[in-house]
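Taking it in order: structure first as structure tokens, then the write-up.
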Amino acid sequence: MLGTGGYLAIVIIGSFVGYLVSAYLADRIGRRANFILFAVCSVVTVLVYTQLPITDTMMLFLGLPLGFFASGIFSGMGAFLTENFPTRIRGSGQGFAYNFGRGVAALNPTFVGLLSSTLTLGQSIGVFAIIAYGIMIAAALALPETKGRELTAEA
């Protein structure tokens with residue numbers, strides 16, 4: 001318990017840098033490509049973190065990409081959702097879409113706990129990480145690219 005502060009600090013540093021890099025990339029390569037890139041990298045990092053036998057030192061070093069990709073994926077979310085709703089419903093549309101997703105994601109710990117009665121905890125986390133990031137990739141592929149979209153009072 002006392003040694004977790006260093007691990008947490010590494011994840012937080014990775015998260016902060018991930019937010020900055022992802023925000024830049026969302027404008028540079030597009031929202032969809034950025035979401036897909038960060039989702040794929042998040043899945044890989046989570047699977048390595050939960051499925052492979054790793055030492056404490058490896059866990060410490062993996063904390064940086066874990067925080068980077070898992071948190072950075074959200075940087076483009078505000079712009080993407082804003083650009084996908086017309087002005088008259090932009091605030092409520094964005095708020096509903098974002099918070100509905102958060103509500104569904106809040107069920108993940110329960111699902112992981114239930115599944116861990118038949119699988120190991122690491123395997124259970126891996127299953128739901130694949131599902132969650134798979135949904136993100138599917139949504140990114142299904143929704144329109146909004147990079148460079150000009151927002152007007154009508155659109």
Side-chain angles (χ1 to χ4, degrees), residues 3-85 93-149:
T4 59
Y7 294 94
L8 187 58
I10 296 296
V11 171
I12 291 169
I13 291 167
S15 295
F16 179 73
V17 175
Y19 285 130
L20 297 175
V21 171
S22 180
Y24 171 78
L25 286 176
D27 285 337
R28 186 85 172 145
I29 66 173
R31 280 72 160 125
R32 291 172 49 173
N34 189 58
F35 290 141
I36 293 168
L37 172 67
F38 272 70
V40 168
C41 292
S42 291
V43 166
V44 170
T45 305
V46 168
L47 291 178
V48 169
Y49 209 82
T50 61
Q51 305 306 307
L52 298 179
I54 57 175
T55 66
D56 290 345
T57 303
M58 288 172 59
M59 187 178 290
L60 180 69
F61 286 112
L62 282 172
L64 193 69
L66 181 70
F68 182 90
F69 293 116
S71 293
I73 200 168
F74 294 102
S75 284
M77 197 75 60
F80 185 71
L81 290 173
T82 297
E83 295 161 344
N84 270 300
F85 289 101
Q94 179 178 1
F96 175 79
Y98 188 80
N99 289 302
F100 181 80
R102 284 178 29 163
V104 171
L107 298 173
N108 261 357
T110 301
F111 294 145
V112 167
L114 290 171
L115 188 59
S116 67
S117 66
T118 56
L119 298 176
T120 67
L121 181 59
Q123 290 170 333
S124 299
I125 291 169
V127 165
F128 285 102
I130 290 169
I131 292 169
Y133 291 117
I135 291 169
M136 171 63 107
I137 292 168
L141 292 171
L143 293 168
E145 174 59 66
T146 61
K147 176 186 170 194
R149 182 174 288 175

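Residue numbers count from 1 along this sequence.
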Are the side chains of Asn84 and Pro144 in touch, meaning some heavy atoms are under 4.5 Å apart? yes
What is the minimum heavy-atom distance between Ala129 and Val46, and which atoms define it? CB-CG1, 3.6 Å
Quick check for you: to the nearest 0.5 Å, what is the distance between Gln94 atom CD and Asn99 atom CG? 9.5 Å
Can you find a heavy atom in the side chain of Ile130 that is under 4.5 Å from one in the side chain of Leu47? yes
Nearest-0.5 Å distance that lies between atom CD1 in Ile13 and atom CG in Leu8: 10.0 Å
Side chains of Phe80 and Leu143, heavy atoms from C-beta outward: is any pair under 4.5 Å? yes
Kindly indicate whether the side chain of Phe69, heavy atoms from C-beta on, has any atom under 4.5 Å from the side chain of Val44. no
Could you please spell out the steps behind the side-chain contact (heavy atoms from CB on, under 4.5 Å) verdict for Tyr49 and Ile125? CA-CA 10 Å; Tyr49 209 82; Ile125 291 169; over 6 Å; no
Are more than 12 heavy atoms, taken from residues, nucleotides or ligands other than Phe74, located less than 6.0 Å from that residue's CZ atom? no
Are side-chain heavy atoms of Ser42 and Met136 found at a separation under 4.5 Å? no
Return yes if some donor-acceptor pair links the side-chain N/O of Lys147 with the main-chain N/O of Ala26 below 3.5 Å, else return no. no
Enter the distance from Asn34:CG to Asp27:CG here, rounded to the nearest 0.5 Å. 9.0 Å
Value rounded to 0.5 Å, distance of OG in Ser75 from CG in Leu20: 7.0 Å
Can you give me the closest heavy-atom contact between Leu60 and Gly6, atom names plus distance? CD1-O, 3.9 Å
Provide the full list of side chain to side chain donor-acceptor pair (under 3.5 Å) pairs with a residue in residues 103-130, sequence neighbours left out, each pair given once. Thr120-Gln123
Any chance you could measure Leu62, atom CG, to Tyr7, atom OH, to the nearest 0.5 Å? 11.0 Å
At their closest point, which heavy atom of Arg31 faces which heavy atom of Gly76, and how far apart are they? CG-O, 4.4 Å
Is there side-chain contact between Phe38 and Leu25, with heavy atoms separated by less than 4.5 Å? yes
Qualifying residues under ring pair (Phe, Tyr, Trp, His ring centres under 6.0 Å), relative to Phe128, sequence neighbours excluded: Phe111
Correct closest heavy-atom pair for Tyr19 and Ser71 would be CE2-O, 3.0 Å
Which atom of Ala140 lies closest to which atom of Ile36, heavy atoms considered: CB-CG1, 3.8 Å
Calculate, to the nearest 0.5 Å, the distance between atoms OG1 and OH belonging to Thr45 and Tyr133 respectively. 8.5 Å
Specify the closest pair of heavy atoms between Arg32 and Glu145, including all atoms of both residues, with the distance to one decimal. N-OE1, 3.1 Å
